[in-house]
Enquirer: 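Quick one: structure below, then a few questions.
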Amino acid sequence: MNVTIISYPTNELNKTIAVPDSLNSEELVQYVWVDVSEAPTDEYIEITYNSEVITLLITEECRYTPIDIFFQNREGSLQSLTFFKIATETLSVKSEEFQANRGQAYLGNHQKIKYNVQGETKFKVNSGFVSEDLNETFTELLLSQRVWKYENSIFVPLNVSSKSMEYKTRQKDRLINYEIDFEYAFNAINNI
């Protein structure tokens with residue numbers, strides 16, 4: 001039994017993934033992640049498994065670069081969530097300083113010397129308009145201890161900075177957009 005992923009009309013994306021016959025949970029629990037950028041001129045993608053066809057319509061979000069966030073969900077497997085709207089990044093720096101007697105400032109010498117400089121980068125992302133069905137997924141993201149940003153084919157470790165989330169409903173809020181704060185799980189200057 002296989003999973004086929006084909007983009008149409010020009011089949012720029014054409015993959016077949018073999019499904020294992022094993023009962024080993026490590027092999028059975030798998031997600032199919034489709035990188036839509038591999039089909040830049042196609043209009044839709046069809047994923048077929050067990051004669052069930054799922055169609056993904058390709059729409060281009062030109063204004064902002066999508067950010068793929070992966071996290072370990074409550075079952076222990078990786079789950080992805082893509083944020084489509086604006087992201088803002090900030091850098092906060094802490095340091096210590098001392099007064100030096102290395103010479104006069106007019107000669108280019110520093111009288112106040114900074115040391116133990118540490119920087120921390122944070123960013124805030126917006127989900128874009130999502131379905132109310134994703135409330136549980138956002139809950140699992142906030143509760144997850146292991147989170148990564150997928151960037152340039154590398155998993156970059158993150159921590160979720162947001163401490164609370166107000167659940168949104170279509171009835172009350174109409175269009176549902178979540179804003180989540182993240183911080184990189186390492187210093188901007190690696191001093192370890």
Side-chain angles (χ1 to χ4, degrees), residues 1-87 123 125-158 160 162 165 167-171 173-180 182 185:
M1 198 173 303
N2 294 325
V3 177
T4 59
I5 304 166
I6 302 173
S7 62
Y8 294 95
T10 61
N11 296 7
E12 291 175 317
L13 185 63
N14 191 346
K15 293 183 180 181
T16 301
I17 301 170
V19 177
D21 293 330
S22 167
L23 294 177
N24 186 352
S25 64
E26 185 178 283
E27 295 175 4
L28 284 176
V29 178
Q30 294 185 10
Y31 288 102
V32 175
W33 188 48
V34 179
D35 188 358
V36 179
S37 66
E38 293 178 18
T41 61
D42 282 340
E43 297 173 12
Y44 63 97
I45 297 171
E46 285 188 349
I47 301 171
T48 307
Y49 175 68
N50 269 356
S51 69
E52 182 179 339
V53 178
I54 298 171
T55 303
L56 303 175
L57 299 175
I58 299 174
T59 57
E60 189 174 331
E61 177 69 42
C62 295
R63 193 162 194 177
Y64 304 106
T65 303
I67 297 174
D68 293 314
I69 301 292
F70 282 79
F71 62 96
Q72 190 174 19
N73 65 16
R74 68 174 174 234
E75 279 98 27
S77 61
L78 279 185
Q79 186 168 350
S80 69
L81 196 56
T82 303
F83 290 80
F84 290 99
K85 295 298 178 186
I86 192 165
F123 65 96
V125 292
N126 287 275
S127 65
F129 300 125
V130 296
S131 168
E132 190 175 339
D133 299 339
L134 286 177
N135 282 349
E136 182 62 29
T137 305
F138 281 97
T139 300
E140 289 188 32
L141 170 63
L142 260 64
L143 294 172
S144 181
Q145 295 177 4
R146 303 194 61 178
V147 182
W148 299 269
K149 176 182 178 182
Y150 189 72
E151 183 176 51
N152 301 325
S153 301
I154 298 172
F155 286 97
V156 180
L158 302 174
V160 179
S162 296
M165 179 179 74
Y167 292 107
K168 299 185 179 187
T169 62
R170 192 163 182 261
Q171 182 179 9
D173 301 297
R174 300 279 182 227
L175 299 174
I176 298 172
N177 174 54
Y178 285 109
E179 184 175 83
I180 307 288
F182 295 97

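Throughout, residue positions are numbered sequentially from 1 according to the sequence presented.
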Enquirer: Of all the heavy-atom pairs spanning Ile67 and Ala87, show the shortest one and how long it is.
Expert: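 Closest pair (atom of Ile67, atom of Ala87, distance): CD1-CB, 3.6 Å.
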Enquirer: Quick one: OG1 on Thr82 to OH on Tyr150, what's the gap to the nearest 0.5 Å?
Expert: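 It is 12.0 Å, given to the nearest 0.5 Å.
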Enquirer: Cation-pi check for Phe123 against Lys149: NZ or CZ below 6.0 Å from the six-membered ring centre and within 45 degrees of the axis, yes or no?
Expert: yes
Enquirer: Apply side chain to side chain contact (heavy atoms under 4.5 Å, CB included) to Phe182 and Val160, showing your working.
Expert: CA-CA 5 Å; Phe182 295 97; Val160 179; 3.8 Å; yes
Enquirer: Roughly how far, to the nearest 0.5 Å, is CE of Met165 from CG of Asn135?
Expert: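 So the gap between those two atoms works out to 6.0 Å.
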Enquirer: Starting at CD1 of Ile45, measure out to OG of Ser7 and round the result to the nearest 0.5 Å.
Expert: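 Rounded to the nearest 0.5 Å, the CD1-OG separation comes to 6.0 Å.
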Enquirer: Out of Val34, Ile6, Val53, which residue meets the side-chain contact (heavy atoms from CB on, under 4.5 Å) rule with Ile47?
Expert: Val34
Enquirer: Does some side-chain heavy atom of Tyr64 sit less than 4.5 Å from a side-chain heavy atom of Val125?
Expert: no
Enquirer: Measure the shortest side-chain to side-chain distance between Tyr8 and Asp42 over non-hydrogen atoms and say whether it is less than 4.5 angstrom.
Expert: no
Enquirer: Leu78 and Trp148: side chain to side chain contact (heavy atoms under 4.5 Å, CB included), yes or no, with the steps?
Expert: CA-CA 10 Å; Leu78 279 185; Trp148 299 269; 3.3 Å; yes
Enquirer: Could you report the tightest heavy-atom contact between Ser162 and Glu179, atom names first, then the distance?
Expert: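 Shortest heavy-atom separation between Ser162 and Glu179 comes out as OG-O, 4.3 Å.
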Enquirer: Would you indicate whether the side-chain heavy atoms of Ser80 and Asp68 approach each other to under 4.5 Å?
Expert: no
Enquirer: Taking atom CG of Asn177 and atom CZ of Phe129, what is their separation to the nearest 0.5 Å?
Expert: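 Result: 6.0 Å between the selected atoms.
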Enquirer: Do you know the tightest heavy-atom contact between Thr169 and Glu132?
Expert: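 For Thr169 versus Glu132, the nearest heavy atoms are CG2-OE2, 3.6 Å.
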Enquirer: Could you check whether the rings of Phe83 and Phe138 sit parallel, tilted or perpendicular, using 30° and 60° as the cut-offs?
Expert: perpendicular
Enquirer: To the nearest 0.5 Å, tell me how far Tyr49 OH sits from Asn2 CG.
Expert: 10.0 Å
Enquirer: Look only at the side chain of Glu12 and the backbone of Thr41, and say whether a donor-acceptor pair between them is shorter than 3.5 Å.
Expert: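 Answer holds: yes.
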Enquirer: With a 3.5 Å cut-off and sequence neighbours excluded, list the donor-acceptor pairs that the side chains of residues 69-76 form with protein atoms.
Expert:
from, atom 1, to, atom 2, distance (Å)
Gln72, NE2, Gly76, O, 3.3
Asn73, OD1, Glu75, N, 3.1
Asn73, OD1, Gly76, N, 3.2
Asn73, OD1, Ser77, N, 3.2
Asn73, OD1, Ser77, OG, 3.4
Asn73, ND2, Tyr31, OH, 3.2
Asn73, ND2, Gln79, OE1, 3.0
Arg74, NH1, Glu136, OE2, 2.8
Arg74, NH1, Glu140, OE2, 3.2

Enquirer: The criterion is salt bridge (Lys or Arg N to Asp or Glu O under 4.0 Å); which residues satisfy it with Glu38, sequence neighbours excluded?
Expert: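 Glu38 satisfies salt bridge (Lys or Arg N to Asp or Glu O under 4.0 Å) with Lys15 only.
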Enquirer: How many angstroms lie between atom NZ of Lys168 and atom CG of Leu134, to the nearest 0.5 angstrom?
Expert: 13.0 Å
